[in-house]
Amino acid sequence: MFSRRAVPLALFLLLAASCVATRMAPSAPSAPAGSPLPACPSTPNCVCSEDPDPGHQIPPLAFEGAPAQAMARLRQVVLAMPRTTLVSESGTGFRVECRTRILRFVDDLEFRLDAAQGVIQVR
């Protein structure tokens, strides 16, 4: 039989494993090259420079100089971050996954060059 302490501990471990497994699942694929970044879901843990919802908007990253050089610099800086993995890349952008140090939660970062506006869109 289970002791009085074993049942709550087992429930806690099951819940924790469920949360970790859910957060470690691969995320949805990125938008096709050149198209706007996908809008954020209704949850509050997403921001996007191209999202029409003011609650999810952030400014895009402005740059000076050649667009290709700006993307190359950004890619270099982002990939230098610990626990960051390149997931996909196109001529106009790239997508990475960053894992938290302890629980290994996944944060998705996506960047799209908007050379006409002189900015890099971010989600």
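Not measured: the values here are computed from a predicted model.
- Gln69 CD: 12 or fewer foreign heavy atoms inside a 6.0 Å radius.
- Note that OG1 of Thr85 is 7.0 Å distant from CZ of Arg99, once rounded to the nearest 0.5 Å.
- With respect to Phe105, the side-chain contact (heavy atoms from CB on, under 4.5 Å) criterion is satisfied by exactly one of Leu103, Ile102, Asp107: Leu103.
- Between Arg112 and Glu50 there is a salt bridge, with a side-chain nitrogen of the basic residue lying less than 4.0 Å from a carboxylate oxygen of the acidic one.
- Distance alone, capped at 3.5 Å, places no donor-acceptor pair between the Asp51 side chain and the His56 backbone.
- Salt bridge Glu97/Arg83: absent, no basic N to carboxylate O contact under 4.0 Å.
- The hydrophobic cluster containing Ile58 also includes Val47, Leu61, Phe63, Met71, Leu74, Val78, Leu79, Met81, Leu86, Phe94, Val96, Leu109, Phe111, Leu113, Ile120, Val122, under a criterion of side-chain heavy atoms closer than 4.5 Å among ILVMFWY residues, counted directly or through chains of members.
- Under the side-chain contact (heavy atoms from CB on, under 4.5 Å) rule, Val119 has a single partner from Pro60, Pro59, Ser49, which is Pro60.
- Cys40 has its SG atom within less than 2.5 Å of the SG atom of Cys46.
- A heavy-atom distance below 4.5 Å is not found between the side chains of Cys48 and Glu110.
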